[in-house]
Amino acid sequence: MKRWMLPAGVTEASGLVLENADMPEPGRGEVRIKVEAASINYRDQLILTNWYGRTEGRNLIPLSDVAGTIDAVGEDADAWAVGDRVTNTGVRGWEDGIPVDDFGLGLGALDLDGVLAEYVVLPADHLARAPQNLDSAEASTLPIAGGTAWNAMFGDHPIAKGGSMLTLGTGGVALFAVQLCLALGADAHVVLRRRDHMEKLRAMGVASVLNSLDTPDWAAEVARSTGGVRKVVDTVGVGLLPQAMEAVGKTGEVASVGLFELDNKPLSRSLLAKQINLRGVAGASRRMHRDLVEFIETRDLHPIIHQRYAFEDAPAAYRAQAASGIYGKIVIEIPG
Ligand SMILES: NC(=O)c1ccc[n+]([C@@H]2O[C@H](COP(=O)([O-])OP(=O)(O)OC[C@H]3O[C@@H](n4cnc5c(N)ncnc54)[C@H](OP(=O)(O)O)[C@@H]3O)[C@@H](O)[C@H]2O)c1
């Protein structure tokens with residue numbers, strides 16, 4: 001089989017290497033997945049550029065989020081059968097409730113190889129069934145982007161019909177949050193730092209779209225026009241907390257997700273790891289992931305994909321994910 005490798009020391013997508021490898025065999029408690037799609041998250045750029053998540057001297061199979069079909073089941077992995085369509089979950093070991101102590105960085109980081117391969121072996125308890133209404137590319141966007149948006153929206157201060165939510169940009173997490181919000185009949189508000197995409201968002205049903213170029217004081221404007229939103233899903237980072245706190249209404253929640261503007265790293269670490277209020281949002285529990293799958297099926301939601309790439313074009317997919325102007329997810333597909 002073929003797989004992509006991020007060799008030790010390489011920090012650019014052009015240095016990724018497509019190589020042949022032996023077929024991996026599932027051990028006890030593991031299954032093998034014939035990979036059909038893998039999606040890229042911003043964290044994969046941080047790993048590529050060695051901002052975090054690299055073990056010195058170790059080659060790494062990159063990416064964490066996969067969708068595919070189980071083609072072999074190891075001993076004691078009876079929860080799954082050959083032919084099941086699955087994705088991984090974002091955080092292994094976090095079933096429900098209080099987050100696990102040791103979050104780790106997930107698949108495709110440090111000493112844990114990722115999923116950018118034709119076949120991967122994963123622990124049976126690291127999987128969830130894929131939504132029936134999604135193709136594999138769409139399903140591969142759930143583990144991190146979908147799960148994190150779900151946690152931000154419903155993990156605390158859940159948004160309900162008639163509620164309101166503000167988010168930033170048009171990346172994977174932000175658009176998931178918008179879709180979940182609209183599906184509930186709540187108002188979504190979006191602030192961009194670009195002038196394009198505004199019409200696309202309005203066409204989706206977003207109540208108000210501002211850009212920070214024309215409306216630098218967007219937080220005050222959101223507060224004025226909405227009376228303060230119930231929730232801000234801050235996909236940018238704690239550097240934006242002053243604005244997020246201005247835009248949110250009384251007793252509302254700022255769900256802090258982003259790792260873009262980390263003016264104050266210790267503050268960010270506390271928020272995300274301990275999930276205190278202002279609530280740091282980190283990934284999703286298996287329960288949240290299952291709830292997300294059900295919600296997607298019931299409402300026939302389809303995650304927004306910016307662009308699909310062939311397996312051979314993984315470096316181009318990385319570059320597209322890092323570029324400004326993204327509208328949804330970048331997915332790498334492996335045809336059956
Ligand atoms: N806490 C967690 O568990 C968790 C999980 C997933 C993601 N994250 C983090 O959340 C952030 C969003 O993730 P993603 O996967 O959705 O990213 P993404 O798909 O790469 O999307 C990036 C989006 O954010 C916008 N953006 C970036 N910096 C901005 C800024 N300073 N002001 C306004 N907009 C900005 C970009 O706008 P342009 O098009 O204008 O560049 C783009 O629309 C990342 O920092 C990621 O690491 C955290």
Side-chain angles (χ1 to χ4, degrees), residues 39-49 51-53 63-65 89-91 94 99-100 103-106 109 140-153 155 166-179 190-198 200-201 209-213 215-216 218-219 232-244 247 254-263 265 268-275 278-285 288-289 303-307 317-331:
S39 72
I40 312 186
N41 293 286
Y42 181 69
R43 53 88 80 176
D44 301 308
Q45 307 289 352
L46 297 176
I47 294 166
L48 173 69
T49 54
W51 192 81
Y52 74 178
L63 303 192
S64 61
D65 290 1
T89 55
V91 184
W94 182 18
V100 287
F103 238 75
L105 293 178
S140 75
T141 68
L142 265 58
I144 288 188
T148 302
W150 182 272
N151 184 354
M153 291 289 286
L166 166 71
T167 192
L168 299 139
T170 51
V173 178
L175 286 189
F176 253 115
V178 166
Q179 287 186 286
V190 180
V191 173
L192 308 175
R193 57 178 181 180
R194 322 166 47 89
R195 291 199 177 88
D196 56 352
H197 295 329
M198 297 180 76
K200 234 189 273 183
L201 287 165
V209 189
L210 297 174
N211 73 66
S212 53
L213 304 170
T215 315
W218 51 265
V232 176
V233 176
D234 175 7
T235 45
V236 173
V238 291
L240 229 67
L241 274 182
Q243 288 95 324
V254 176
S256 183
V257 174
L259 298 170
F260 288 128
E261 291 201 6
L262 299 178
D263 284 355
K265 283 187 186 169
S268 144
R269 212 174 298 133
S270 303
L271 273 175
L272 269 61
K274 292 197 254 169
Q275 304 212 3
L278 320 161
R279 191 164 61 97
V281 172
S285 67
M288 291 173 185
H289 188 112
I304 296 172
I305 295 180
H306 179 79
Q307 206 163 339
Y318 260 87
R319 283 190 284 273
Q321 205 287 327
S324 192
I326 202 168
Y327 197 87
K329 297 290 295 179
I330 298 292
V331 180

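Only a predicted model underlies this, so the values are computations on that prediction, with no experimental measurement involved. Both ligands and their constituent atoms are indexed starting at 1 by order of listing. Counting from 1, the numbers follow the sequence of the chain as shown.
- Assignment of Ala145 to the shell around ligand 1 is not supported, since no heavy atom sits closer than 4.0 Å.
- Atoms of ligand 1 lying under 4.0 Å from any heavy atom of Thr235, numbered from 1 in the order shown and given with element: 10 (O), 11 (C), 12 (C).
- Close approach of ligand 1 to Gly283 (heavy-atom distance below 4.0 Å) involves ligand atoms 2 (C), 3 (O).
- At a 4.0 Å heavy-atom cut-off, ligand 1 touches Val281 through the backbone alone.
- Ser256 contributes no side-chain N or O that, together with a main-chain N or O of Asp234, makes up a donor-acceptor pair within less than 3.5 Å.
- The part of Thr148 lying near ligand 1 is the side chain, judged by heavy-atom distances below 4.0 Å.
- Comparing Thr170, Val236, Thr167 against atom 32 (N) of ligand 1, the shortest heavy-atom distance belongs to Val236.
- A side-chain donor-acceptor contact under 3.5 Å links Arg43 to the backbone of Leu105.
- Across the listed options Ser39, Gly171, Gly146, Gly171 owns the non-hydrogen atom lying nearest to atom 21 (O) of ligand 1.
- Heavy-atom distances between Gln321 and ligand 1 reach below 4.0 Å in at least one pair.
- Remark: ligand 1 atoms within the under-4.0 Å shell around heavy atoms of Ala282 are 1 (N), 2 (C), 3 (O).
- Annotation: side chain of Thr235 is not in contact with side chain of Tyr42 (no heavy-atom distance under 4.5 Å).
- Between Leu46 atom CG and Phe260 atom CZ the span is 8.0 Å, to the nearest 0.5 Å.
- Formation of a donor-acceptor pair under 3.5 Å by the Thr170 side chain with backbone atoms of Ile326 is found in this model.
- For the pair Leu168 and ligand 1, no heavy-atom separation below 4.0 Å is found.
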- Message: Test side-chain contact (heavy atoms from CB on, under 4.5 Å) on Val331 and His306; report intermediate values, then the result.
- Response: CA-CA 8 Å; Val331 180; His306 179 79; over 6 Å; no

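- Of the possible donor and acceptor atoms, none in the side chain of Thr167 sits under 3.5 Å from a partner among the backbone N and O of Ala174.
- Interface atoms of ligand 1 facing Ser324, defined by a heavy-atom separation under 4.0 Å, are 38 (P), 39 (O), 40 (O), 41 (O).
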